2 protein chains.
Amino acid sequence: MTPDLQPAFRALADPTRRDILRLLGDRDMTIAEVSDQFDMTRAAVKKHLVMLSDGGLITVRAEGRERINSLNAQALRPVMDWLGWFDRFWDTRLDALKSVIEQETPDD
Amino acid sequence: MTPDLQPAFRALADPTRRDILRLLGDRDMTIAEVSDQFDMTRAAVKKHLVMLSDGGLITVRAEGRERINSLNAQALRPVMDWLGWFDRFWDTRLDALKSVIEQETPDD
DNA sequence: TTGATATGATACAAAAAGGTATCATGTCAA
DNA sequence: TTGACATGATACCTTTTTGTATCATATCAA
């Protein structure tokens with residue numbers, strides 16, 4: 001039930017792939033359109049798109065002979081949630097507040 | 001000025017390293033203590049710790065012949081911020097709310 | 001001092017990542 | 001139908017990653 005975070009984290013580990021996500025945040029793009037934005041072959045970009053798809057971060061739909069790549073930002077949710085576990089270490093004031101709350105509602 | 005996200009994202013790409021971060025969230029640990037939690041050699045764990053350190057996700061202090069590894073959750077902040085850019089795609093209702101707020105307090 | 005312990009450092013090997021080049025296939029447009 | 005175009009698929013290469021094995025160094029404790 002809990003999603004496997006590994007493919008998403010791995011997909012995010014490459015700067016080109018992170019750039020692709022930002023690009024797709026603006027608009028859907030074909031493979032050729034994405035490739036135009038990078039100084040590498042279409043085949044290389046295609047591999048990145050496959051890894052992004054493996055991580056669920058993008059979806060691909062066929063449209064004629066083209067493949068339209070779309071951002072699937074929802075897949076970032078589990079990643080954010082994983083990172084959110086560390087929120088407790090970010091701000092000692094927030095920490096103090098949490099302690100107070102937990103004291104009042106001991107539900108652990 | 002804006003931090004280089006790459007070392008942090010790369011550090012997060014490995015499941016063992018993510019597990020180490022959670023471990024260090026509970027308490028500081030020596031290299032040997034961390035190694036005890038995994039089915040691999042101390043040298044391998046040490047390499048993971050170096051990568052975590054490279055990403056700024058942990059800090060290491062010497063204490064006698066031991067090296068105490070501590071979580072540095074603050075380094076996750078830029079990662080969260082990067083991911084936060086995609087918040088706009090998660091919930092259209094939240095989007096609408098944000099638009100209203102931004103209209104009322106135009107401070108960008 | 002001396003032996004045990006904690007770590008550092010290096011060489012090595014297997015696997016994965018990231019890229020190119022090349023050719024096949026499916027689709028559009030005239 | 002036919003040529004151009006978008007993509008799929010595969011082979012191949014280089015570099016990085018991930019792990020092991022081994023030995024050196026520093027420090028603690030008796």
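Computed from a prediction, not measured in an experiment: that's the story for all the values here. In the text below, chain A, chain B and the rest are named by the order of the sequence lines, each starting its count at 1.
Across residues 23-32 of chain A, A:Thr30, A:Ile31, A:Ala32 each have a non-hydrogen atom less than 4.0 Å from an atom of DNA chain D (numbered order). Contacts between residues 4-15 of chain B and DNA chain D, counted as heavy-atom distances below 4.0 Å, involve B:Arg10, B:Asp14. Looking at residues 50-61 of chain B, you'll see B:Met51 sit with a heavy atom under 4.0 Å from some atom of DNA chain D.
Annotation for A:Leu12 and A:Leu21: closest pair CD2-CD1, 3.7 Å, computed over non-hydrogen atoms. Across all non-hydrogen atoms, the minimal contact from B:Gly55 to B:Ala75 is O-CB, 4.1 Å. Closest non-hydrogen pair, B:Asn72 versus B:Gly56, comes out as ND2-O, 2.8 Å. A pairwise comparison of heavy atoms in B:Leu49 and B:Ile58 identifies O-CD1, 3.4 Å as the closest pair. Residues A:Gly25 and A:Leu71 share a closest heavy-atom pair of CA-CD2, 3.8 Å.
Atom-to-atom, CG of A:Leu49 to P of D:dA9 comes out at 14 Å; the value is rounded to the nearest Å. Summarising the geometry, the separation between NZ on B:Lys46 and P on C:dT10 is reported as 12 Å, rounded to the nearest angstrom. The CD1 atom of A:Ile68 sits 14 Å away from the C1' atom of C:dT27 (whole-angstrom rounding). For the pair A:Phe38 CZ and C:dG19 P, the interatomic distance rounds to 10 Å; values are reported in whole Å. Computed from coordinates, the B:Met40 CE to D:dA21 C1' distance equals 16 Å when rounded to whole Å.
A close approach under 4.0 Å does occur between a side-chain nitrogen or oxygen of A:Thr41 and OP1 or OP2 of C:dT20. Dashed line: the shortest gap from a side-chain N or O of A:His48 to OP1 or OP2 of C:dG19 is under 4.0 Å.
The pair A:Asp14-B:Arg10 fails the salt-bridge criterion, with no side-chain N (NZ, NE, NH1 or NH2) lying under 4.0 Å from an Asp/Glu carboxylate O.
Of the listed nucleotides (C:dG19, C:dT7, D:dA21), C:dT7 has the atom at the smallest distance from the side chain of B:Arg67. With C:dG8, C:dG19, C:dA6 as the choices, the nucleotide that has an atom nearest any side-chain atom of A:Lys47 turns out to be C:dG19.
If you check the side chains of A:Ser70 and A:Arg61, you find a donor sitting under 3.5 Å from an acceptor.
In this structure, the salt bridge (charged side-chain N to carboxylate O under 4.0 Å, His left out) partners of A:Arg27, at least two apart in sequence or on a different chain, are A:Glu33. Checked against salt bridge (charged side-chain N to carboxylate O under 4.0 Å, His left out), A:Asp54 has no partners two or more places apart in sequence or in another chain.
Taking 4.5 Å as the limit, every side-chain heavy atom of A:Gln37 sits out of range of all side-chain heavy atoms of A:Ile20.
Between the side chain of A:Gln6 and the main chain of B:Ala13, a donor-acceptor pair closer than 3.5 Å is present. Judged purely by atom type and a 3.5 angstrom limit, B:Asn69 has no side-chain atom pairing as donor or acceptor with the backbone of B:Val60. With hydrogens and angles disregarded, a donor-acceptor distance shorter than 3.5 Å links the side chain of B:Gln74 to the backbone of A:Phe89.
Nearer to the 5' terminus of DNA chain C, by closest-nucleotide assignment, is the contact made by B:Glu66 (compared with the other of B:Glu66 and A:Arg17).
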B/S/- contact track for nucleotides 22-30 of chain D, protein heavy atom under 4.0 Å: -----BS--
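The number of heavy atoms from other shown groups lying within 6.0 Å of CG (B:Asp26) is above 12.
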